[in-house]
Number of protein chains: 2
Amino acid sequence: MKEQIKTYFNRYVEFDDAEIDAIYEKLEEKIFKKKTFLLEENTICRHNYFILKGVVRLFYIDAKGHEKITQFAIDNWWITHMESFINQIPSSQYLQAVEDTTVLCLSKYNLELLYKEYPKLERMFRLVTENMLIANLRKSDIYLQMKSKERYTFFVEKLPDFAQRVPQYMIASYLEITPEYLSELRRQRN
Amino acid sequence: MKEQIKTYFNRYVEFDDAEIDAIYEKLEEKIFKKKTFLLEENTICRHNYFILKGVVRLFYIDAKGHEKITQFAIDNWWITHMESFINQIPSSQYLQAVEDTTVLCLSKYNLELLYKEYPKLERMFRLVTENMLIANLRKSDIYLQMKSKERYTFFVEKLPDFAQRVPQYMIASYLEITPEYLSELRRQRN
DNA sequence: GATCATTCTTAAGATATCTTAATTTTTACC
DNA sequence: GGTAAAAATTAAGATATCTTAAGAATGATC
(Lines give C-alpha, C1' and ligand atoms only; values in the text may rest on other atoms or scores of the structure.)
Protein backbone atom coordinates (compact mmCIF):
# COMPACT_ATOMS: atom_id res chain seq x y z
CA MET A 1 0.00 0.00 0.00
CA LYS A 2 2.79 2.35 0.90
CA GLU A 3 4.45 1.45 -2.38
CA GLN A 4 1.39 2.59 -4.30
CA ILE A 5 1.26 6.01 -2.70
CA LYS A 6 5.01 6.40 -3.03
CA THR A 7 4.87 5.72 -6.74
CA TYR A 8 2.01 8.17 -7.06
CA PHE A 9 3.68 10.95 -5.09
CA ASN A 10 6.94 10.59 -6.93
CA ARG A 11 5.21 11.13 -10.22
CA TYR A 12 4.85 14.77 -9.14
CA VAL A 13 7.71 15.57 -6.76
CA GLU A 14 10.63 13.54 -5.49
CA PHE A 15 10.16 12.52 -1.90
CA ASP A 16 12.70 10.44 -0.01
CA ASP A 17 11.62 7.40 1.99
CA ALA A 18 11.62 9.24 5.31
CA GLU A 19 9.25 11.84 3.94
CA ILE A 20 6.96 9.26 2.47
CA ASP A 21 6.93 7.44 5.81
CA ALA A 22 6.03 10.61 7.67
CA ILE A 23 3.26 11.48 5.25
CA TYR A 24 2.00 7.93 5.17
CA GLU A 25 1.62 8.01 8.94
CA LYS A 26 -0.98 10.71 8.59
CA LEU A 27 -3.07 8.66 6.21
CA GLU A 28 -5.69 6.26 7.44
CA GLU A 29 -6.54 3.23 5.39
CA LYS A 30 -10.21 2.37 5.25
CA ILE A 31 -12.52 0.03 3.38
CA PHE A 32 -15.94 1.12 2.19
CA LYS A 33 -18.29 -1.62 1.18
CA LYS A 34 -20.28 -1.19 -2.03
CA LYS A 35 -23.06 1.42 -1.62
CA THR A 36 -21.56 2.77 1.59
CA PHE A 37 -21.34 6.54 1.87
CA LEU A 38 -18.00 8.25 2.34
CA LEU A 39 -19.86 11.53 2.67
CA GLU A 40 -23.50 12.51 2.99
CA GLU A 41 -25.27 15.65 1.89
CA ASN A 42 -25.26 18.54 4.38
CA THR A 43 -22.27 17.25 6.28
CA ILE A 44 -18.83 18.76 6.14
CA CYS A 45 -16.34 16.74 4.15
CA ARG A 46 -13.41 16.21 6.51
CA HIS A 47 -11.25 14.15 4.17
CA ASN A 48 -9.68 13.95 0.82
CA TYR A 49 -9.69 10.30 -0.27
CA PHE A 50 -6.99 8.60 -2.27
CA ILE A 51 -8.43 5.51 -3.89
CA LEU A 52 -6.12 2.52 -3.64
CA LYS A 53 -8.62 0.23 -5.28
CA GLY A 54 -12.27 0.63 -6.17
CA VAL A 55 -14.78 3.04 -7.65
CA VAL A 56 -16.45 6.00 -6.01
CA ARG A 57 -19.08 8.39 -7.33
CA LEU A 58 -19.98 11.94 -6.35
CA PHE A 59 -23.63 12.87 -6.93
CA TYR A 60 -26.51 14.99 -5.77
CA ILE A 61 -30.27 14.54 -5.76
CA ASP A 62 -32.02 16.98 -8.04
CA ALA A 63 -35.36 18.77 -7.57
CA LYS A 64 -37.21 15.79 -9.06
CA GLY A 65 -35.49 13.32 -6.78
CA HIS A 66 -33.14 11.93 -9.42
CA GLU A 67 -29.49 11.21 -8.77
CA LYS A 68 -27.10 13.27 -10.86
CA ILE A 69 -23.53 12.03 -10.93
CA THR A 70 -20.94 14.77 -11.25
CA GLN A 71 -17.73 12.77 -10.80
CA PHE A 72 -16.36 9.27 -10.82
CA ALA A 73 -13.03 8.20 -9.40
CA ILE A 74 -11.07 4.94 -9.54
CA ASP A 75 -7.69 3.57 -8.43
CA ASN A 76 -5.02 6.23 -7.97
CA TRP A 77 -7.36 9.21 -8.05
CA TRP A 78 -8.14 11.67 -5.33
CA ILE A 79 -11.79 12.25 -4.64
CA THR A 80 -13.61 14.59 -2.28
CA HIS A 81 -16.27 17.25 -2.48
CA MET A 82 -13.86 20.07 -3.23
CA GLU A 83 -15.91 23.00 -2.07
CA SER A 84 -16.88 21.26 1.14
CA PHE A 85 -13.41 19.97 1.87
CA ILE A 86 -11.48 23.13 1.04
CA ASN A 87 -13.79 25.56 2.77
CA GLN A 88 -15.05 23.13 5.42
CA ILE A 89 -18.66 23.90 4.67
CA PRO A 90 -21.62 21.49 4.35
CA SER A 91 -21.58 19.44 1.18
CA SER A 92 -24.37 19.60 -1.39
CA GLN A 93 -23.42 16.16 -2.67
CA TYR A 94 -22.95 12.54 -1.67
CA LEU A 95 -19.82 10.45 -2.02
CA GLN A 96 -20.55 6.75 -2.35
CA ALA A 97 -18.67 3.54 -3.08
CA VAL A 98 -19.83 1.98 -6.36
CA GLU A 99 -17.95 -1.21 -5.56
CA ASP A 100 -15.97 -2.30 -2.47
CA THR A 101 -13.33 0.37 -2.21
CA THR A 102 -10.11 0.78 -0.26
CA VAL A 103 -9.03 4.35 0.35
CA LEU A 104 -6.42 6.36 2.20
CA CYS A 105 -8.11 9.15 4.17
CA LEU A 106 -6.27 12.43 4.46
CA SER A 107 -7.98 14.78 6.88
CA LYS A 108 -8.06 18.51 6.31
CA TYR A 109 -6.36 18.89 9.66
CA ASN A 110 -3.49 16.56 8.84
CA LEU A 111 -3.12 18.05 5.41
CA GLU A 112 -2.58 21.51 6.85
CA LEU A 113 -0.03 20.09 9.26
CA LEU A 114 1.79 18.38 6.42
CA TYR A 115 1.79 21.53 4.28
CA LYS A 116 3.65 23.30 7.06
CA GLU A 117 6.18 20.57 7.51
CA TYR A 118 6.69 19.56 3.88
CA PRO A 119 6.49 22.48 1.44
CA LYS A 120 7.05 19.95 -1.33
CA LEU A 121 3.55 18.75 -0.66
CA GLU A 122 2.29 22.22 -1.44
CA ARG A 123 3.89 21.79 -4.82
CA MET A 124 2.47 18.35 -5.33
CA PHE A 125 -1.08 19.42 -4.63
CA ARG A 126 -0.61 22.52 -6.74
CA LEU A 127 0.22 20.21 -9.63
CA VAL A 128 -2.54 17.74 -8.80
CA THR A 129 -5.07 20.55 -8.59
CA GLU A 130 -3.92 21.97 -11.91
CA ASN A 131 -4.48 18.57 -13.48
CA MET A 132 -7.91 18.32 -11.94
CA LEU A 133 -8.77 21.76 -13.24
CA ILE A 134 -7.59 20.88 -16.73
CA ALA A 135 -9.55 17.63 -16.66
CA ASN A 136 -12.60 19.54 -15.57
CA LEU A 137 -12.27 22.21 -18.23
CA ARG A 138 -11.80 19.51 -20.81
CA LYS A 139 -14.94 17.76 -19.63
CA SER A 140 -16.91 20.99 -19.98
CA ASP A 141 -15.56 21.44 -23.50
CA ILE A 142 -16.63 17.95 -24.42
CA TYR A 143 -20.15 18.45 -23.14
CA LEU A 144 -20.29 21.73 -24.99
CA GLN A 145 -19.25 20.24 -28.31
CA MET A 146 -20.78 16.82 -28.32
CA LYS A 147 -24.34 15.56 -28.52
CA SER A 148 -25.46 12.72 -26.25
CA LYS A 149 -24.58 9.98 -28.70
CA GLU A 150 -21.05 11.24 -29.23
CA ARG A 151 -20.50 11.73 -25.50
CA TYR A 152 -21.45 8.13 -24.96
CA THR A 153 -19.13 6.67 -27.58
CA PHE A 154 -16.39 8.99 -26.40
CA PHE A 155 -16.84 7.82 -22.82
CA VAL A 156 -16.92 4.14 -23.69
CA GLU A 157 -13.88 4.42 -25.94
CA LYS A 158 -11.77 6.79 -23.90
CA LEU A 159 -12.60 5.56 -20.42
CA PRO A 160 -13.15 1.83 -20.70
CA ASP A 161 -11.94 1.38 -17.12
CA PHE A 162 -14.97 3.28 -15.93
CA ALA A 163 -17.45 2.05 -18.49
CA GLN A 164 -16.81 -1.55 -17.48
CA ARG A 165 -17.08 -1.08 -13.75
CA VAL A 166 -20.14 1.13 -13.59
CA PRO A 167 -23.79 0.29 -14.39
CA GLN A 168 -25.26 1.88 -17.47
CA TYR A 169 -27.72 4.10 -15.66
CA MET A 170 -24.84 5.70 -13.80
CA ILE A 171 -23.01 6.34 -17.04
CA ALA A 172 -26.18 7.94 -18.36
CA SER A 173 -26.39 10.16 -15.32
CA TYR A 174 -22.75 11.19 -15.61
CA LEU A 175 -23.22 11.95 -19.29
CA GLU A 176 -26.31 14.02 -18.52
CA ILE A 177 -28.64 11.73 -20.40
CA THR A 178 -31.74 9.96 -19.11
CA PRO A 179 -31.26 6.18 -18.92
CA GLU A 180 -34.20 5.74 -21.31
CA TYR A 181 -32.66 7.96 -23.93
CA LEU A 182 -29.27 6.33 -23.59
CA SER A 183 -30.95 3.02 -24.12
CA GLU A 184 -32.47 4.35 -27.34
CA LEU A 185 -29.13 5.73 -28.49
CA ARG A 186 -27.50 2.37 -27.97
CA ARG A 187 -30.13 0.67 -30.06
CA GLN A 188 -29.49 2.95 -33.04
CA ARG A 189 -26.97 0.78 -34.90
CA ASN A 190 -23.42 0.87 -33.66
CA MET B 1 -0.25 48.97 -10.29
CA LYS B 2 2.14 47.35 -7.89
CA GLU B 3 -0.30 48.15 -5.10
CA GLN B 4 -3.03 46.22 -6.86
CA ILE B 5 -0.98 43.05 -7.25
CA LYS B 6 0.31 43.37 -3.70
CA THR B 7 -3.20 43.54 -2.32
CA TYR B 8 -4.17 40.57 -4.43
CA PHE B 9 -1.19 38.42 -3.42
CA ASN B 10 -1.59 39.18 0.24
CA ARG B 11 -5.14 37.90 0.17
CA TYR B 12 -3.59 34.45 -0.15
CA VAL B 13 -0.17 34.50 1.48
CA GLU B 14 1.74 37.21 3.29
CA PHE B 15 4.59 38.55 1.18
CA ASP B 16 6.90 41.30 2.39
CA ASP B 17 7.66 44.28 0.18
CA ALA B 18 11.00 42.92 -1.01
CA GLU B 19 9.31 39.75 -2.21
CA ILE B 20 6.56 41.65 -3.96
CA ASP B 21 9.19 43.80 -5.66
CA ALA B 22 11.11 40.78 -6.86
CA ILE B 23 7.98 39.10 -8.19
CA TYR B 24 6.72 42.31 -9.72
CA GLU B 25 9.95 42.61 -11.68
CA LYS B 26 9.12 39.43 -13.51
CA LEU B 27 5.75 40.74 -14.62
CA GLU B 28 5.34 42.70 -17.80
CA GLU B 29 2.56 45.24 -18.05
CA LYS B 30 0.79 45.34 -21.38
CA ILE B 31 -2.27 46.94 -22.93
CA PHE B 32 -4.50 45.06 -25.34
CA LYS B 33 -6.90 47.16 -27.37
CA LYS B 34 -10.48 45.98 -27.72
CA LYS B 35 -10.74 42.96 -30.05
CA THR B 36 -6.99 42.31 -29.91
CA PHE B 37 -5.94 38.70 -29.36
CA LEU B 38 -3.83 37.75 -26.36
CA LEU B 39 -3.66 34.23 -27.75
CA GLU B 40 -4.66 32.61 -31.02
CA GLU B 41 -5.74 29.09 -31.73
CA ASN B 42 -2.96 26.58 -32.44
CA THR B 43 -0.30 28.66 -30.75
CA ILE B 44 1.27 27.83 -27.40
CA CYS B 45 0.09 30.04 -24.59
CA ARG B 46 3.30 31.40 -23.05
CA HIS B 47 1.67 33.55 -20.37
CA ASN B 48 -0.75 33.63 -17.55
CA TYR B 49 -2.42 37.05 -17.55
CA PHE B 50 -3.43 38.98 -14.48
CA ILE B 51 -6.07 41.53 -15.45
CA LEU B 52 -5.48 44.91 -13.86
CA LYS B 53 -8.40 46.44 -15.69
CA GLY B 54 -10.58 45.27 -18.52
CA VAL B 55 -12.46 42.24 -19.83
CA VAL B 56 -11.11 39.22 -21.66
CA ARG B 57 -12.87 36.23 -23.13
CA LEU B 58 -11.68 32.71 -23.91
CA PHE B 59 -13.48 31.04 -26.81
CA TYR B 60 -13.21 28.55 -29.62
CA ILE B 61 -14.80 28.28 -33.03
CA ASP B 62 -17.07 25.27 -33.33
CA ALA B 63 -17.65 22.95 -36.28
CA LYS B 64 -20.31 25.30 -37.67
CA GLY B 65 -18.07 28.33 -37.42
CA HIS B 66 -19.75 29.78 -34.34
CA GLU B 67 -17.84 31.29 -31.46
CA LYS B 68 -18.33 29.50 -28.16
CA ILE B 69 -17.19 31.38 -25.10
CA THR B 70 -15.92 29.18 -22.30
CA GLN B 71 -14.59 31.79 -19.87
CA PHE B 72 -14.74 35.48 -19.09
CA ALA B 73 -12.33 37.35 -16.84
CA ILE B 74 -12.29 40.88 -15.45
CA ASP B 75 -10.19 42.99 -13.09
CA ASN B 76 -8.20 40.98 -10.56
CA TRP B 77 -8.64 37.62 -12.23
CA TRP B 78 -6.03 35.41 -13.81
CA ILE B 79 -6.79 34.22 -17.30
CA THR B 80 -4.97 31.88 -19.65
CA HIS B 81 -5.71 28.76 -21.60
CA MET B 82 -4.84 26.39 -18.77
CA GLU B 83 -4.09 23.27 -20.74
CA SER B 84 -1.93 25.17 -23.22
CA PHE B 85 -0.13 27.19 -20.57
CA ILE B 86 0.52 24.40 -18.10
CA ASN B 87 1.61 21.80 -20.61
CA GLN B 88 2.98 24.23 -23.19
CA ILE B 89 1.01 22.67 -25.99
CA PRO B 90 -0.93 24.42 -28.80
CA SER B 91 -4.15 26.03 -27.67
CA SER B 92 -7.55 25.03 -29.02
CA GLN B 93 -8.97 28.40 -28.05
CA TYR B 94 -8.58 32.13 -28.52
CA LEU B 95 -8.03 34.74 -25.84
CA GLN B 96 -9.34 38.15 -26.81
CA ALA B 97 -9.87 41.55 -25.21
CA VAL B 98 -13.56 42.44 -25.04
CA GLU B 99 -12.70 46.01 -24.09
CA ASP B 100 -9.35 47.84 -23.82
CA THR B 101 -7.54 45.79 -21.22
CA THR B 102 -4.40 46.24 -19.12
CA VAL B 103 -2.73 43.04 -17.96
CA LEU B 104 0.35 41.83 -16.18
CA CYS B 105 1.97 39.03 -18.18
CA LEU B 106 3.60 36.23 -16.25
CA SER B 107 5.54 33.90 -18.53
CA LYS B 108 5.71 30.19 -17.87
CA TYR B 109 9.46 30.55 -17.76
CA ASN B 110 9.46 33.29 -15.14
CA LEU B 111 6.81 31.50 -13.15
CA GLU B 112 8.99 28.42 -12.86
CA LEU B 113 11.91 30.58 -11.78
CA LEU B 114 9.77 32.24 -9.14
CA TYR B 115 8.47 28.93 -7.84
CA LYS B 116 12.05 27.89 -7.17
CA GLU B 117 12.94 31.11 -5.43
CA TYR B 118 9.71 31.74 -3.51
CA PRO B 119 8.02 28.57 -2.27
CA LYS B 120 5.27 30.79 -0.90
CA LEU B 121 4.21 31.37 -4.47
CA GLU B 122 3.71 27.66 -4.83
CA ARG B 123 1.25 27.95 -1.99
CA MET B 124 -0.46 30.96 -3.48
CA PHE B 125 -1.06 29.31 -6.81
CA ARG B 126 -2.15 26.13 -5.10
CA LEU B 127 -4.85 28.19 -3.40
CA VAL B 128 -5.70 30.16 -6.53
CA THR B 129 -5.99 26.95 -8.53
CA GLU B 130 -8.21 25.39 -5.89
CA ASN B 131 -10.51 28.40 -6.13
CA MET B 132 -10.58 28.15 -9.90
CA LEU B 133 -11.42 24.48 -9.68
CA ILE B 134 -14.22 25.14 -7.22
CA ALA B 135 -15.59 27.94 -9.41
CA ASN B 136 -15.49 25.62 -12.37
CA LEU B 137 -17.21 22.76 -10.60
CA ARG B 138 -19.85 25.16 -9.40
CA LYS B 139 -20.39 26.41 -12.94
CA SER B 140 -20.87 22.84 -14.15
CA ASP B 141 -23.38 22.23 -11.36
CA ILE B 142 -25.32 25.31 -12.36
CA TYR B 143 -25.49 24.29 -16.00
CA LEU B 144 -26.57 20.85 -14.92
CA GLN B 145 -29.40 22.07 -12.75
CA MET B 146 -30.70 25.13 -14.54
CA LYS B 147 -32.56 25.63 -17.79
CA SER B 148 -31.53 28.46 -20.11
CA LYS B 149 -33.90 31.00 -18.61
CA GLU B 150 -32.69 30.41 -15.07
CA ARG B 151 -29.05 30.50 -16.13
CA TYR B 152 -29.64 33.87 -17.68
CA THR B 153 -31.31 35.45 -14.65
CA PHE B 154 -28.71 33.87 -12.43
CA PHE B 155 -25.93 35.33 -14.51
CA VAL B 156 -27.43 38.80 -14.67
CA GLU B 157 -28.16 38.86 -10.95
CA LYS B 158 -25.02 37.22 -9.66
CA LEU B 159 -22.49 38.67 -12.06
CA PRO B 160 -23.68 42.17 -12.91
CA ASP B 161 -20.08 43.27 -13.44
CA PHE B 162 -19.88 40.97 -16.41
CA ALA B 163 -23.41 41.38 -17.66
CA GLN B 164 -22.95 45.11 -17.99
CA ARG B 165 -19.64 45.07 -19.79
CA VAL B 166 -20.30 42.34 -22.31
CA PRO B 167 -22.68 42.34 -25.31
CA GLN B 168 -25.70 40.14 -25.09
CA TYR B 169 -24.68 37.70 -27.78
CA MET B 170 -21.52 36.94 -25.81
CA ILE B 171 -23.55 36.28 -22.70
CA ALA B 172 -25.72 33.95 -24.76
CA SER B 173 -22.64 32.11 -25.99
CA TYR B 174 -21.22 31.79 -22.48
CA LEU B 175 -24.57 30.51 -21.21
CA GLU B 176 -24.73 27.97 -24.03
CA ILE B 177 -27.80 29.51 -25.58
CA THR B 178 -28.25 30.79 -29.14
CA PRO B 179 -28.62 34.58 -29.28
CA GLU B 180 -32.03 34.15 -30.92
CA TYR B 181 -33.32 31.97 -28.15
CA LEU B 182 -31.94 34.26 -25.47
CA SER B 183 -33.77 37.09 -27.16
CA GLU B 184 -36.97 35.10 -26.97
CA LEU B 185 -36.41 34.25 -23.31
CA ARG B 186 -35.93 37.91 -22.50
CA ARG B 187 -39.19 38.79 -24.19
CA GLN B 188 -41.14 36.36 -22.03
CA ARG B 189 -42.17 38.79 -19.31
CA ASN B 190 -39.57 39.64 -16.74
C1' DG C 1 -25.86 63.83 -39.76
C1' DA C 2 -25.55 59.90 -43.16
C1' DT C 3 -23.81 55.49 -43.76
C1' DC C 4 -21.97 51.10 -42.67
C1' DA C 5 -21.28 47.55 -39.32
C1' DT C 6 -22.69 45.43 -35.31
C1' DT C 7 -26.11 43.74 -32.35
C1' DC C 8 -30.72 42.38 -31.30
C1' DT C 9 -35.36 40.70 -32.38
C1' DT C 10 -39.11 38.00 -34.57
C1' DA C 11 -41.25 33.97 -36.27
C1' DA C 12 -41.91 29.35 -38.36
C1' DG C 13 -40.45 24.87 -38.79
C1' DA C 14 -37.14 21.24 -37.28
C1' DT C 15 -34.94 18.22 -33.85
C1' DA C 16 -32.73 16.45 -29.77
C1' DT C 17 -33.92 14.98 -25.60
C1' DC C 18 -37.23 14.15 -21.76
C1' DT C 19 -41.39 12.15 -19.43
C1' DT C 20 -44.17 8.59 -18.16
C1' DA C 21 -45.39 4.08 -17.77
C1' DA C 22 -45.20 -0.55 -18.74
C1' DT C 23 -42.31 -4.67 -19.90
C1' DT C 24 -38.24 -7.41 -20.14
C1' DT C 25 -33.74 -8.74 -18.74
C1' DT C 26 -30.17 -9.30 -15.50
C1' DT C 27 -28.30 -9.76 -11.01
C1' DA C 28 -28.20 -10.90 -6.10
C1' DC C 29 -29.62 -13.64 -2.31
C1' DC C 30 -31.68 -17.35 0.84
C1' DG D 1 -32.56 -22.95 -8.29
C1' DG D 2 -36.33 -19.74 -7.27
C1' DT D 3 -37.67 -15.33 -6.03
C1' DA D 4 -37.08 -10.54 -5.16
C1' DA D 5 -34.62 -6.49 -6.37
C1' DA D 6 -32.06 -3.88 -9.61
C1' DA D 7 -31.16 -2.53 -14.22
C1' DA D 8 -32.27 -1.98 -19.00
C1' DT D 9 -35.56 -1.50 -22.83
C1' DT D 10 -39.53 0.11 -25.53
C1' DA D 11 -42.73 3.39 -27.21
C1' DA D 12 -45.78 7.49 -27.50
C1' DG D 13 -46.44 12.07 -26.58
C1' DA D 14 -44.47 16.46 -24.74
C1' DT D 15 -41.11 20.27 -24.66
C1' DA D 16 -36.93 22.99 -24.63
C1' DT D 17 -33.95 24.67 -27.66
C1' DC D 18 -32.00 25.27 -32.35
C1' DT D 19 -32.02 26.69 -37.31
C1' DT D 20 -32.74 29.71 -40.82
C1' DA D 21 -33.79 33.89 -42.64
C1' DA D 22 -35.25 38.34 -42.55
C1' DG D 23 -35.86 42.78 -40.56
C1' DA D 24 -35.23 46.39 -36.83
C1' DA D 25 -32.43 48.87 -33.74
C1' DT D 26 -28.34 50.57 -32.10
C1' DG D 27 -23.68 52.29 -32.31
C1' DA D 28 -19.45 53.89 -34.60
C1' DT D 29 -17.11 56.64 -38.11
C1' DC D 30 -16.02 60.10 -41.49
Side-chain angles (χ1 to χ4, degrees), chain A residues 33-37 55 57 59 61-69 72 94 96-101 140 142-156 162-190, chain B residues 33-37 55 57 59-69 72 94 96-100 140 142-156 162-190:
Chain A
K33 285 287 191 190
K34 184 173 176 171
K35 296 198 181 174
T36 305
F37 289 95
V55 180
R57 65 174 181 151
F59 70 96
I61 311 277
D62 76 6
K64 287 178 190 140
H66 296 136
E67 294 174 354
K68 301 270 197 170
I69 297 173
F72 281 122
Y94 299 82
Q96 188 191 37
V98 173
E99 55 183 51
D100 292 358
T101 299
S140 303
I142 284 169
Y143 283 57
L144 187 51
Q145 292 181 65
M146 295 183 186
K147 301 257 181 217
S148 307
K149 180 79 172 281
E150 297 170 88
R151 288 206 297 278
Y152 179 68
T153 33
F154 184 88
F155 183 86
V156 170
F162 287 77
Q164 278 156 26
R165 291 163 79 173
V166 163
Q168 192 179 301
Y169 75 94
M170 287 193 190
I171 296 176
S173 173
Y174 181 72
L175 296 177
E176 296 174 25
I177 312 174
T178 56
E180 295 85 358
Y181 189 50
L182 177 56
S183 197
E184 188 181 330
L185 291 173
R186 277 158 51 86
R187 185 173 18 137
Q188 296 169 205
R189 92 179 94 300
N190 197 342
Chain B
K33 286 284 190 191
K34 184 173 176 171
K35 296 198 179 173
T36 306
F37 290 94
V55 180
R57 66 174 181 150
F59 70 95
Y60 71 92
I61 311 278
D62 76 5
K64 287 177 190 142
H66 296 138
E67 294 174 354
K68 302 271 198 171
I69 297 173
F72 280 122
Y94 299 81
Q96 188 193 37
V98 173
E99 55 183 50
D100 293 358
S140 303
I142 285 170
Y143 283 57
L144 187 50
Q145 293 182 65
M146 295 184 186
K147 301 260 183 218
S148 307
K149 180 77 171 281
E150 298 171 87
R151 288 205 297 278
Y152 178 68
T153 33
F154 184 88
F155 183 85
V156 170
F162 287 78
Q164 278 156 25
R165 291 162 80 172
V166 163
Q168 191 178 300
Y169 76 94
M170 286 191 190
I171 297 176
S173 173
Y174 180 72
L175 296 176
E176 296 174 25
I177 312 175
T178 56
E180 296 85 357
Y181 189 50
L182 177 56
S183 196
E184 188 181 331
L185 290 174
R186 277 159 50 87
R187 186 173 18 138
Q188 295 170 206
R189 94 177 93 301
N190 199 342

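Residue numbers begin at 1 in each chain, while the letters A, B, ... track the order of the sequences.
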Enquirer: What is the distance from NZ of A:Lys34 to P of D:dA6, rounded to the nearest Å?
Expert: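 Taking NZ of A:Lys34 and P of D:dA6, I get 11 Å after rounding.
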Enquirer: Rounded off to whole Å, could you give me the CG-to-P distance for the A:Leu185 and D:dA11 pair?
Expert: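 Spelled out: CG on A:Leu185 to P on D:dA11 is 15 Å.
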Enquirer: In whole Å, what is the span from the CD atom of B:Glu176 to the P atom of C:dT17?
Expert: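 These atoms are roughly 13 Å apart.
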Enquirer: Taking the six-membered ring for Trp, are B:Tyr174 and B:Phe162 ring centroids under 6.0 Å apart?
Expert: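 So the answer is no for these two rings.
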Enquirer: Please determine, by modelled atom types, if A:Tyr152 and A:Arg186 share a side-chain donor-acceptor pair under 3.5 angstrom.
Expert: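 Checked: A:Tyr152/A:Arg186 side chains pair up, N/O donor to acceptor below 3.5 Å.
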Enquirer: Base, sugar-phosphate alone, or nothing: which one does B:Leu182 contact when heavy atoms must sit under 4.0 Å apart?
Expert: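 If one applies the 4.0 Å heavy-atom cut-off, B:Leu182 turns out to touch nothing in the nucleic acid.
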Enquirer: Mind checking B:Glu184 for me? I need base, sugar-phosphate or nothing, with any heavy atom below 4.0 Å counting as a touch.
Expert: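 Touches nothing.
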Enquirer: Answer with base, sugar-phosphate or nothing: what part of the nucleic acid does A:Lys35 contact at a heavy-atom distance below 4.0 Å?
Expert: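 Here A:Lys35 touches no strand at all.
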Enquirer: How would you label the contact of B:Tyr181 with the nucleic acid (heavy atoms, under 4.0 Å): base, sugar-phosphate, or nothing?
Expert: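 Answer is base: heavy atoms of B:Tyr181 come under 4.0 Å of a base.
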Enquirer: For B:Thr178, which contact category applies under a 4.0 Å heavy-atom criterion: base, sugar-phosphate, or nothing?
Expert: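 Base contact.
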Enquirer: For C:dA11, does OP1 or OP2 lie under 4.0 Å from any side-chain N or O of B:Arg187?
Expert: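 Yes, such a contact exists.
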Enquirer: For D:dA6 and A:Gln168 - does any side-chain N or O of the residue sit under 4.0 Å from the phosphate oxygens OP1/OP2?
Expert: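 No, A:Gln168 has no side-chain N/O under 4.0 Å of OP1/OP2 on D:dA6.
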Enquirer: Toward the 5' end of DNA chain D, which comes first, A:Pro179 or A:Lys147, by nearest nucleotide?
Expert: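 So the residue in question is A:Pro179.
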Enquirer: Write down the distance between CD (B:Glu180) and P (C:dT6), rounded to a whole number of angstrom.
Expert: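 Computing the B:Glu180:CD to C:dT6:P distance gives 17 Å.
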Enquirer: Would you kindly give the CG-to-C1' distance between B:Leu144 and D:dA16, to the nearest whole Å?
Expert: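 Rounded to the whole Å, the gap is 16 Å.
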Enquirer: Rounded to whole Å, please give me the gap between CD1 in A:Ile177 and P in C:dT19.
Expert: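 Distance, rounded to whole Å: 13 Å.
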Enquirer: Taking any heavy-atom pair under 4.0 Å as a contact, classify A:Ser148: base, sugar-phosphate, or nothing.
Expert: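 A:Ser148: backbone/sugar contact only, no base atoms under 4.0 Å.
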Enquirer: Need one value for A:Lys64: base, sugar-phosphate or nothing, where a base atom within 4.0 Å counts as base even if backbone is also close, heavy atoms only.
Expert: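 Contact class for A:Lys64: sugar-phosphate only.
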